[in-house]
Each structure stands twice: as C-alpha cells, then as structure tokens.
Number of protein chains: 2
Amino acid sequence: MSAPEVPVRRQTRQRTAVLTLLDQLDGFRTAQDLHALLRERGDAVGLATVYRALQALVDDGLVDVLRGEDGEAAYRRCSPVHHHHLVCRSCGLTVEVADPPVERWAARVAAEHGFADVQHQLEVFGTCGRCTPAQR
Amino acid sequence: MSAPEVPVRRQTRQRTAVLTLLDQLDGFRTAQDLHALLRERGDAVGLATVYRALQALVDDGLVDVLRGEDGEAAYRRCSPVHHHHLVCRSCGLTVEVADPPVERWAARVAAEHGFADVQHQLEVFGTCGRCTPAQR
DNA sequence: GACCCGTGTGAGAATGGTTCTCATGACCAG
DNA sequence: CTGGTCATGAGAACCATTCTCACACGGGTC
C-alpha cells in the first residue's frame, strides 16, 4: 500500500522541554502534572501542546502510557524494547521488567482459542521496599 | 477496628435490570452502551443509576471492569474467581483465562525488587477466529 | 395491611481530563 | 531572506463520570 506516512516531526522548544522533563523523572506522571511542573520551572508550555507532544512521543515509542483506575493517563520515558512495569502504589517508583515466559504464555493461550494478531498489556502494582515500613 | 460495614444492598427493578442485561451479553460494554440498551428494551433506567449499579456489582465482585485505550470503562459479568481476559478487538468476544504461571512470575519478580502487597493486571487482545478472515 | 426510615432513583448540573478550533508564531528548505 | 508548512496556545467544545437534592420505594415492624 502507501508509505507509512512519517509526518516530519519538527524540533521545537516545547517538545524538547517535555522530553527533557520526562528524562529527569522516575515514575509515571499525568499530562496535567507535567504541565504544572513545566510551568513551575518557568518553561511554560500550553496544556494542549503537552498533550500533543506526549502523543507524538508515544507514537514514536519513546514514552509509555498507563491508565490509572480513574482513567487518567500517565506517561513515562521508557526504553523502546518491549517490557512491562512494576509500579509502587505509594511513591510511584517504577521498574521495567522483561518476561519471556509471559510473552510465550500469552501467545500460546491466544492460539489455543483461535486468536491472531495478539497483543497484551501487563502491569504489576505493589509497595516498594522503601514504602512498606511506612505502611500501617 | 470497626465492622467491614456492609451497606445493605437493596433489590430494586433497576439493579435487577442491569444485572440481567449483563448476564445476556458476551463482551465488555460501556456504561453508556448498557444505558442505551436498557432504554431500547423499554426497561428505562437513569444513567446515574446505571453507574451506581455497576459500581456496586464491581464492589461485590460480580462484574469486571476494563479501561479501553480511550479511558472509557467497560463492564462484563464475570466469574468471581481470579482470572484474566482474552478479548477480540473486532467483535468484543471475551474468553476468561486462568494462568498460574503468570501469577507466580508476578509474585517472584515483585519479591526480587523488594515489592510487597502485589497485584497485577493482565489482558490479552487479539482477533478471534471468526473475525480474522474478515480482516484485510 | 399501614407506617416509617433509610436507601435508591433520576433529571440536570457540575466536574475534570482530553481534544478541537483557529488565528498567530516558529522551523527550516530553498 | 522568504514562503509555506507545521506547531503553538487560549479558550471553547466534548464527553464520560459524579454530584445534588427532592422524591419514590423497599422491606422491616407493629
């Protein structure tokens, strides 16, 4: 069919600012958070632009997106290879984890039921070592 | 501590209607969908009530909730035992699947990183056998 | 069966995250 | 330097979900 249509990503102060900020942060942050942080820094960027930049980064595979229980999207700078996340419910600390067994399991189970073109999403939530003592 | 506070779930026409409808449906449906379906049936229920009924059902473990990529919540009548879903992207057909290996994997990986009180969410998406030929 | 109280209901308003609109401004190839 | 294209931003629009509050009703009790 036609070319993959690469829409010529321009480099602007705003997009650089968003990516730079994400590089300096550890856990998942919402777009609203990032917008507020940029404003605090004096590196003001419009809210709509933050959303657009994040979408572009997600499309390029530079950033991962996660939906919280309330449906709000959270973003994080991530490695481009396939992986999953181990997220601390308390402090937001995130560890990237790979898992060949799960990949295989998902593919096998899907095949058994006649499913093709399989994708999966897996996230693990818990309380990290630093936050556990504080609990209770 | 205090009693678990079980808030006396009353049986009303509306709640019965929501649960009955879910029993007759296969895949995940949004609250808006369910509301529209009930109205078509002549079994009209207020939108706010649909949301309240669904929340109660989720709390009771009778219904599972899933967040789509757009953040909209989708609900489905499900068995109360722990399981994951194999969902068809095209027709919404859903299969419940259990997976002891993944449970163990998640627990082990979390422990290795010092995480406690672990939960995980895993969903597999694909195209079911009936929908695959239609694609492309 | 009649009564009561606490809970459920529903219409509409409010909320809040995300996307759209459109006039203006910035990037960059030529 | 210039032009055209894409990006920006303020605010409006959108839409799922939740809140408000007056009223209805379920289901014990007598």
Side-chain angles (χ1 to χ4, degrees), chain A residues 3-22 27-60 62-76 92, chain B residues 3-22 27-60 62-76 92:
Chain A
E5 183 62 43
V6 182
V8 187
R9 209 78 81 188
R10 268 185 198 171
Q11 173 152 354
T12 64
R13 176 184 66 79
Q14 292 85 346
R15 292 187 183 182
T16 303
V18 170
L19 188 52
T20 302
L21 177 58
L22 281 170
F28 281 86
R29 303 300 175 108
T30 66
Q32 308 275 349
D33 273 350
L34 295 170
H35 176 240
L37 284 170
L38 286 171
R39 174 172 289 189
E40 280 176 22
R41 290 190 157 195
D43 228 357
V45 173
L47 179 58
T49 300
V50 172
Y51 277 103
R52 278 185 293 237
L54 288 171
Q55 259 180 353
L57 290 168
V58 169
D59 289 345
D60 291 349
L62 297 175
V63 162
D64 278 357
V65 57
L66 215 58
R67 294 260 170 198
E69 303 204 3
D70 56 356
E72 194 173 358
Y75 302 85
R76 178 171 185 271
Chain B
E5 183 61 44
V6 182
V8 188
R9 209 77 81 188
R10 270 187 197 169
Q11 174 152 352
T12 65
R13 176 185 68 80
Q14 292 84 346
R15 291 186 182 180
T16 303
V18 170
L19 188 53
T20 301
L21 177 58
L22 281 170
F28 281 86
R29 303 299 174 107
T30 66
Q32 307 276 349
D33 273 351
L34 296 170
H35 176 241
L37 284 171
L38 286 171
R39 173 172 291 188
E40 281 176 21
R41 289 190 158 197
D43 228 358
V45 174
L47 180 57
T49 301
V50 172
Y51 277 101
R52 278 184 294 236
L54 288 171
Q55 261 181 353
L57 290 169
V58 170
D59 288 345
D60 291 350
L62 298 175
V63 163
D64 278 357
V65 57
L66 214 58
R67 293 264 171 195
E69 303 204 1
D70 57 356
E72 194 173 356
Y75 303 84
R76 177 171 185 272

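Chain letters run A, B, ... following the sequence lines, proteins first, then strands; residues in each count from 1.
Comparing B/Leu47 and B/Arg52, the nucleotide of DNA chain D nearest to each residue sits closer to the 5' end for B/Leu47. Take the nearest nucleotide of DNA chain D for B/Gln32 and for B/Gln11: the residue whose nucleotide is more 5' is B/Gln32.
When the P atom of D/dT17 is taken as reference, atom CG of B/Asp70 falls 9 Å away, rounded to whole Å. Atoms CZ (A/Arg15) and C1' (C/dC27) sit 11 Å apart, rounded to a whole Å. Atoms CZ (A/Arg9) and P (D/dT5) sit 19 Å apart, rounded to a whole Å. When rounded to the nearest whole Å, the span between CZ of A/Arg39 and P of D/dA10 equals 8 Å. B/Glu69 has its CD atom 12 Å from the P atom of C/dT19, to the nearest Å. Here D/dG9 presents its C1' atom at 15 Å from CG of A/Asp43, a figure rounded to the nearest Å. When rounded to the nearest whole Å, the span between NE2 of B/His35 and C1' of D/dT17 equals 13 Å. Rounded to whole Å, atom P of C/dG8 lies 12 Å from atom CG of B/Asp59.
The closest donor-acceptor contact from the side chain of B/His35 to the backbone of B/Val45 lies under 3.5 Å.
Nearest heavy atom pair, residue A/Leu22 against residue A/Tyr75, reads CD2-O, 4.2 Å. Nearest heavy-atom pair across B/Ala31 and B/Leu54 is CB-CD1, 3.8 Å.
For the atom pair CG (B/Leu66) and OG1 (B/Thr30), the distance works out to 12.5 Å, reported to the nearest 0.5 Å.
Distance from the side chain of B/Gln55 is smallest for D/dT18 among the nucleotides D/dT18, C/dG10, D/dG9. Of all nucleotides listed (C/dA11, D/dA7, C/dT18), C/dT18 comes nearest to the side chain of A/Arg67.
Donor-acceptor pairing under 3.5 Å, judged by distance alone, is absent between the side chain of B/Arg13 and the base of C/dG8. Side-chain to base pairing of B/Arg10 with C/dG6: one donor and one acceptor N or O lie within less than 3.5 Å of each other.
OP1 or OP2 of C/dT18 lies within a sub-4.0 Å distance of a side-chain N or O belonging to A/Tyr51. Considering only side-chain N and O atoms, B/Gln14 lies under 4.0 angstrom from the phosphate OP1 or OP2 of C/dG10. Put simply, A/Thr49 has a side-chain N or O that comes within less than 4.0 Å of OP1 or OP2 on D/dG9. Under 4.0 angstrom from either OP1 or OP2 of D/dA16 there lies no side-chain N or O belonging to B/Thr30.
Counted within 6.0 Å of CZ on A/Arg39, heavy atoms from surrounding residues, nucleotides or ligands total 12 or fewer; the atom is thus considered open.
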